[in-house]
There are 2 protein chains.
Amino acid sequence: MPRSGVETQARPDGGSEDLPDYGLIESFFFAYRDFVGDADRILLEYGFGRAHHRVLHFVARRPGMTVAELLDVLRITKQSLNRVLKELVGKGFIRQEEGRDDRRRRLLHPTEAGRDLAVRLAQLQTRRLRAALAACDGSAGREAARRFLLAVMDPRGARGVQDGARPARIGR
Amino acid sequence: MPRSGVETQARPDGGSEDLPDYGLIESFFFAYRDFVGDADRILLEYGFGRAHHRVLHFVARRPGMTVAELLDVLRITKQSLNRVLKELVGKGFIRQEEGRDDRRRRLLHPTEAGRDLAVRLAQLQTRRLRAALAACDGSAGREAARRFLLAVMDPRGARGVQDGARPARIGR
DNA sequence: AAGATATGTCAACAAAGCTGACGTATTCGA
DNA sequence: TCGAATACGTCAGCTTTGTTGACATATCTT
């Protein structure tokens with residue numbers, strides 16, 4: 001089978017439906033790697049990793065989130081979460097508030113420093129993504145790119161993003 | 001762009017340029033997670049992880065690749081690569097051929113089983129991506145989505161994908 | 001023959017995921 | 001009111017996949 005390109009193109013007989021689209025797959029892989037790479041460099045300065053970033057991001061995005069909600073969004077175990085959460089609290093980027101109606105809950109909030117870092121990271125990533133959107137053809141193209149990303153996700157998660165990264169079971 | 005967080009919306013004074021686009025960031029995160037999740041389930045059956053997938057993918061995509069070229073594409077250390085490469089060779093998914101003009105080189109090729117698995121995984125991911133492209137508005141929208149992904153990547157990597165996932169220093 | 005290059009390997013470590021078990025505080029429900 | 005369920009935290013140990021640093025071997029280049 002001829003490699004390097006031939007099988008990613010439509011054949012004359014029209015049977016290209018189940019031929020893998022290697023270009024698209026690899027674009028997604030490399031794009032995501034560079035996308036997270038931006039933040040990685042900043043996080044190094046703080047002694048944090050990607051796991052810290054994800055936790056900080058969602059807490060900053062939706063202050064007052066509980067631990068259970070965060071676990072739902074991240075889909076990791078509480079042990080994994082606790083390791084990084086403890087560090088974020090210890091270094092003063094997140095604070096835990098006792099739930100008012102249910103005192104078992106810990107409402108997670110970013111501190112000032114936490115919000116600053118989260119915003120800084122989000123701006124960095126936004127800059128790259130917006131620059132990429134500019135490569136799309138007009139506002140229709142930009143909207144297409146946004147719809148594409150939403151459509152790649154499983155439907156359950158897609159609802160969450162549109163509703164502000166809220167876990168499905170909470171967002172109803 | 002009705003997001004759901006005050007800080008993601010354009011302000012009346014028009015200063016929305018450096019406000020983070022949380023929706024876009026999270027779409028990318030969740031989309032990538034679900035995208036790789038498809039393959040993870042299959043890989044489990046073989047006792048392989050994501051690292052094996054990446055190696056197998058690029059070897060299947062460009063048979064005859066050398067170890068150095070693979071390292072260039074993946075951007076990991078030879079020790080990390082060797083661990084998974086050894087397993088892929090041991091289980092009969094990749095074979096190593098001695099370079100003809102330079103016998104120090106190991107030309108990596110997928111075996112029949114390797115090619116089958118690589119294609120199966122690529123088809124699974126292609127199915128999801130193509131379904132997502134269908135959510136874009138027409139062929140112009142689909143092209144916009146493709147351009148978006150290429151534009152998110154660092155330019156160096158983008159050249160590689162267009163040239164068949166070839167590392168920059170080889171593809172010239 | 002000397003030095004550079006391509007690859008492989010040993011050892012040790014780190015990040016971030018996992019399972020299983022167990023403890024404590026709090027709330028809920030019969 | 002009391003026992004079960006829930007929310008959270010923690011201890012211990014394991015896995016995958018990345019990292020450094022050191023060193024060995026074969027081969028090519030000069």
Side-chain angles (χ1 to χ4, degrees), chain A residues 29 33 36-37 39-41 43-44 46-57 59 64-91 94-109 167 169-170, chain B residues 29 32-33 36-37 39-41 43-44 46-59 64-91 94-109 167 169-170:
Chain A
F29 168 64
R33 184 172 71 179
V36 296
D40 285 348
R41 274 164 243 128
L43 291 161
L44 258 188
Y46 295 82
F48 290 146
R50 287 183 195 177
H52 301 86
H53 184 190
R54 291 195 282 266
V55 170
L56 180 60
H57 173 96
V59 169
M65 207 177 202
T66 68
V67 171
E69 285 165 8
L70 193 46
L71 288 174
D72 238 46
V73 170
L74 297 176
R75 293 198 214 151
I76 57 175
T77 60
K78 60 177 176 176
Q79 293 91 332
S80 286
L81 172 58
N82 218 260
R83 192 161 38 202
V84 297
L85 184 54
K86 222 174 356 183
E87 292 172 346
L88 284 163
V89 170
K91 292 192 182 178
I94 288 181
R95 77 185 156 79
Q96 292 167 300
E97 186 181 295
E98 192 170 70
R100 284 165 315 286
D101 40 296
D102 186 340
R103 282 159 49 221
R104 290 172 303 181
R105 295 192 178 157
R106 299 285 168 263
L107 309 185
L108 305 174
H109 294 268
R169 68 179 181 123
I170 296 292
Chain B
F29 168 64
Y32 189 76
R33 185 171 72 179
V36 295
D40 286 349
R41 273 164 244 127
L43 291 160
L44 258 187
Y46 295 82
F48 290 146
R50 286 181 195 179
H52 302 86
H53 184 191
R54 292 194 281 267
V55 170
L56 180 61
H57 173 95
F58 286 109
V59 169
M65 205 176 204
T66 67
V67 172
E69 286 166 6
L70 194 46
L71 288 174
D72 238 48
V73 170
L74 297 175
R75 293 198 215 151
I76 59 176
T77 59
K78 61 176 175 177
Q79 294 91 330
S80 283
L81 172 59
N82 217 259
R83 193 159 38 202
V84 297
L85 184 53
K86 222 172 357 181
E87 292 172 344
L88 284 163
V89 170
K91 291 190 182 178
I94 288 180
R95 78 187 155 79
Q96 293 167 300
E97 186 181 294
E98 193 171 67
R100 285 168 310 288
D101 40 296
D102 187 341
R103 281 160 47 223
R104 290 172 302 180
R105 294 193 178 155
R106 298 284 168 267
L107 309 185
L108 305 174
H109 293 268
R169 70 178 180 126
I170 296 291

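Lettering follows sequence order; numbering is per chain, from 1. In this text, all values refer to a predicted model and were calculated from it rather than measured experimentally.
- At the heavy-atom level, E87(B) lies nowhere under 4.0 Å from the strands shown.
- Nucleotide dA14(C) holds its C1' atom 14 Å from the CZ atom of R50(A), rounded to whole Å.
- The CG atom of L71(B) sits 14 Å away from the P atom of dT9(C) (whole-angstrom rounding).
- As rounded to whole Å, 10 Å separates atom P of dC18(C) from atom CG of L81(A).
- Residue D101(B) is in sugar-phosphate contact alone, with no base atom involved, counting any heavy-atom pair closer than 4.0 Å across all strands shown.
- For Q79(A) and dG13(D), a side-chain-to-base donor-acceptor distance below 3.5 Å is absent, hydrogens and geometry of angles not being considered.
- Look at R103(B) and you'll find a side-chain N or O under 4.0 angstrom from OP1 or OP2 of dT27(D).
- Mapping D102(A) and L85(B) onto DNA chain C via the closest heavy atom, the residue that lands nearer the 5' end is L85(B).
- For the pair H53(B) and V36(B), the minimum side-chain heavy-atom distance is 4.5 Å or more.
- Using cut-offs of 30° and 60° on the angle between ring planes, the pair Y46(B) and F48(B) is parallel.
- Regarding L43(B), its CG atom lies at a distance of 13 Å from the C1' atom of dT16(D), rounded to whole Å.
- When rounded to the nearest whole Å, the span between CG of N82(B) and C1' of dA24(D) equals 14 Å.
- Between L108(A) atom CG and dA7(D) atom C1' the separation is 12 Å, expressed in whole Å.
- Applying the 3.5 Å distance criterion, the base of dG9(D) shares no donor-acceptor pair with the side chain of Q96(A).
- Across the protein-nucleic acid pair, M65(A) atom CE and dA7(D) atom P stand 15 Å apart, rounded to whole Å.
- The one candidate from H52(A), R50(A), H57(A) that meets the side chain to side chain contact (heavy atoms under 4.5 Å, CB included) condition with R54(A) is R50(A).
- Straight-line distance from the CZ atom of R106(B) to the P atom of dA6(C): 13 Å, rounded to whole Å.
- For dG17(C), its base sits under 3.5 Å from the side chain of R83(A) at one donor and acceptor pair at least.
- OP1 and OP2 of dT16(D) both lie 4.0 Å or more from every side-chain N or O belonging to H52(B).
- Remark: S80(A) is not in phosphate contact with dA16(C), judged by side-chain N or O atoms under 4.0 Å from OP1 or OP2.
- Listed candidates were dG9(D), dG17(C), dT26(C). Nearest to the side chain of E98(A) is dT26(C).
- In terms of phosphate contacts, R54(A) brings no side-chain nitrogen or oxygen within less than 4.0 Å of OP1 or OP2 of dA15(C).
- Nearest-nucleotide assignment on DNA chain C puts the 5′-proximal partner with G49(A), out of G49(A) and K78(A).
- Look at T77(B) and you won't find any side-chain N or O under 4.0 angstrom from OP1 or OP2 of dG18(D).
- Heavy-atom minimum distance, H109(A) versus L107(A): CD2-O, 3.5 Å.
- In this structure, V84(B) and V55(B) approach most closely via the heavy-atom pair CG2-CG2, 3.7 Å.
- Distance check: R106(B) CZ to E98(B) CD gives 5.5 Å after rounding to the nearest 0.5 Å.
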